[in-house]
There are 2 protein chains.
Amino acid sequence: MSGFDPHAFRTIAAECPGFQARATARAITRYHNACFRPLGLTAEQFSLMVGIGATEGATLVELALSAGVDTTTLSRNIQNLEKRGWVCADGGRGRAGKRLSLTVLGRNLLADAIPVWRQAQAELARRLGDGDLQWARRALSALAIAAEPSSPGVLEDAE
Amino acid sequence: MSGFDPHAFRTIAAECPGFQARATARAITRYHNACFRPLGLTAEQFSLMVGIGATEGATLVELALSAGVDTTTLSRNIQNLEKRGWVCADGGRGRAGKRLSLTVLGRNLLADAIPVWRQAQAELARRLGDGDLQWARRALSALAIAAEPSSPGVLEDAE
DNA sequence: CGCCATATAGTGTATATGCATTATTAAAGG
DNA sequence: CCTTTAATAATGCATATACACTATATGGCG
């Protein structure tokens with residue numbers, strides 16, 4: 001019969017990294033969406049295009065694995081990017097899979113978007129402190145791996 | 001004309017807390033969704049119901065503010081919970097706003113769900129280390145505030 | 001050559017998310 | 001009492017997310 005009072009619930013809310021992770025992702029995404037809006041680009045679309053640029057020629061499955069997203073989600077998100085002409089997905093289908101790459105239009109858009117991202121990043125680092133940003137990224141990465149040990153490093157810097 | 005090579009893109013991907021925050025939120029959400037599936041509950045629904053229990057009698061706007069979610073999103077998510085009979089939203093409309101509360105059915109469901117959450121939490125802490133979990137939560141909170149300085153502490157433990 | 005096992009892409013459905021906008025309602029002022 | 005004003009809830013639209021399932025194509029094997 002549920003012996004939970006408001007304080008018990010508050011404790012759970014405060015202790016759950018899932019609450020925090022979703023709330024933080026929402027906040028940062030709203031922040032970046034506002035930055036990219038003038039370019040007609042969402043934060044996730046920017047992420048995806050950078051991911052494609054980083055692994056030029058990768059298949060959908062490979063990109064999904066490195067980005068930590070389901071292949072069916074990625075399939076639809078890629079379709080959105082293709083419709084806009086920013087991304088090209090072709091090459092042999094089947095075992096080999098489609099090869100993803102940025103179009104010239106896509107690269108041009110990113111050439112505009114990346115300075116915007118740099119400024120947003122600098123502002124974030126200013127508010128948070130440069131060290132704390134590094135710190136936060138490491139904590140996020142550790143959390144993701146703890147939640148899904150099977151997942152790879154989620155686009156870790158390889159060097 | 002876009003002098004960006006794969007390595008430049010990888011650097012951006014590795015430096016962007018937005019990428020990481022979304023990927024981490026997805027991973028934790030998948031993890032919790034799997035835990036709650038036998039109960040017919042999603043991770044976000046659990047979060048929401050705990051949030052309602054923590055601020056019993058709050059209005060939609062107040063809950064949206066404390067959870068760091070848009071009121072229109074919350075409106076629809078609450079409707080889902082109402083349809084299932086887990087949450088009740090009534091009381092004077094207008095300036096005062098509807099008052100949100102858990103139904104008996106909702107409290108009973110949470111009585112089943114909270115032990116599941118505790119176990120998931122313990123497993124996460126085991127994989128990550130107890131100190132690192134605290135650390136990660138603090139980093140997430142700091143990031144959310146940096147991204148949206150106007151937002152309150154996002155369901156901080158008040159004491 | 002044709003069948004089968006496997007991997008890959010895509011659909012159906014449901015939830016989650018937020019901006020722009022509309023509907024509703026309570027309070028304030030004359 | 002009526003009108004204006006402001007707050008609140010909800011809707012339209014588009015994107016994002018993932019599980020269950022389907023479609024398709026590839027490569028191996030008899």
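Naming convention: chains lettered A, B, ... in sequence-line order (proteins, then strands); numbering from 1 in each chain.
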Report task. May I have the distance from A:Leu63 (atom CG) to D:dT17 (atom C1'), rounded to whole angstrom? Result -> 15 Å

Report task. With sequence neighbours left out, write down each residue that passes side chain to side chain contact (heavy atoms under 4.5 Å, CB included) with B:Asn80, or none if nothing qualifies. Result -> B:Lys83, B:Arg84

Report task. Measure the distance from NZ on B:Lys98 to P on C:dA26 and round it to the nearest whole Å. Result -> 13 Å

Requested in this report: Let me know the distance between CG of B:Leu65 and P of D:dA9, rounded to the nearest Å.
Outcome: 13 Å

Query raised in the report: For A:Ala58, does its backbone N or O pair with a side-chain atom of A:Thr55 as donor and acceptor, under 3.5 Å?
Result: no

Query - Summary of salt bridge (Lys or Arg N to Asp or Glu O under 4.0 Å) pairs that have at least one residue in residues 56-80 of chain A, sequence neighbours excluded - result: A:Glu56-A:Arg107

Report summary line: Side-chain atoms of B:Arg37 come closest, of D:dC19, C:dG18, D:dT17, to D:dC19

Report task. Please tell me which of A:Asp70 and B:Thr72 maps to the more 5' nucleotide of DNA chain D, matching each residue to the nucleotide holding its nearest heavy atom. Result -> B:Thr72

Report task. Using the ring pair (Phe, Tyr, Trp, His ring centres under 6.0 Å) rule, collect all pairs that involve residues 127-147 of chain A, keeping only residues at least two apart or in two chains. Result -> A:Trp135-B:Trp135

Query - Mutual orientation of the aromatic rings belonging to A:Phe19 and B:Phe46 [parallel < 30°, tilted 30-60°, perpendicular > 60°] - result: perpendicular

Report summary line: Taken in chain and number order and not counting sequence neighbours, the residues that satisfy side-chain hydrogen bond (donor to acceptor under 3.5 Å, both in side chains) with A:Arg138 are A:Gln134

Report summary line: Contacts of B:Arg126 meeting side chain to side chain contact (heavy atoms under 4.5 Å, CB included) (sequence neighbours excluded), chain-then-number -> B:Glu123

Requested in this report: Grab the CE-P distance between A:Met49 and D:dT15 for me, whole Å please.
Outcome: 14 Å

Query raised in the report: Between D:dA25 atom C1' and A:Asp90 atom CG, what is the distance in whole Å?
Result: 16 Å

Report task. Stems involving DNA chain D: give each as a range paired with a range, ordered by first number, where a stem means at least three consecutive Watson-Crick or G-U wobble pairs under 3.5 Å. Result -> C:1-30 with D:1-30

Report summary line: Atom CG of A:Leu100 and atom C1' of C:dG10 are separated, to the nearest Å, by 14 Å

Query raised in the report: Going by number, which of residues 27-35 of chain A have a non-hydrogen atom under 4.0 Å from DNA chain D?
Result: none

Report summary line: By side chain to side chain contact (heavy atoms under 4.5 Å, CB included), B:Ala34 pairs with (sequence neighbours left out) none

Below 3.5 Å between N/O atoms, which protein atoms pair up with nucleotides 13-15 of chain C? Just atom names and distances, please.
{"from": "C:dT15", "atom 1": "OP1", "to": "B:Arg84", "atom 2": "NH2", "distance (Å)": "2.5"}

**Report entry** Along DNA chain C (nearest heavy atom to each residue), the more 5'-positioned of A:Glu82 and B:Ala43
**Finding:** A:Glu82

Query - ILVMFWY cluster membership beyond A:Leu143 - transitive side-chain contacts under 4.5 angstrom - result: A:Ile28, A:Tyr31, A:Leu124, A:Leu128, A:Leu133, A:Leu140, B:Ile28, B:Tyr31, B:Leu124, B:Leu128, B:Leu133, B:Leu140, B:Leu143

Query raised in the report: Does any pair with a residue in residues 12-24 of chain B pass salt bridge (Lys or Arg N to Asp or Glu O under 4.0 Å), and if so which ones, sequence neighbours excluded?
Result: A:Glu44-B:Arg22

Report task. Answer yes or no: is there a donor N or O on one side and an acceptor on the other, between the side chain of A:Thr103 and the main chain of A:Trp86, under 3.5 Å? Result -> yes

Query raised in the report: Nearest-Å distance, CD (A:Glu62) to C1' (C:dT8)?
Result: 11 Å

Query raised in the report: Do the side-chain N or O atoms of B:Gln79 get closer than 4.0 angstrom to the phosphate oxygens (OP1, OP2) of D:dA9?
Result: no

Query - Spacing between A:Leu60 atom CG and D:dT24 atom P, to the nearest angstrom - result: 18 Å

Report task. Using the test side chain to side chain contact (heavy atoms under 4.5 Å, CB included), find all partners of A:Gln119 that sit at least two apart in sequence or belong to another chain. Result -> none

Report task. Kindly say whether, by distance alone, the side chain of A:Ser75 makes a donor-acceptor pair under 3.5 Å with the base of C:dG10? Result -> no

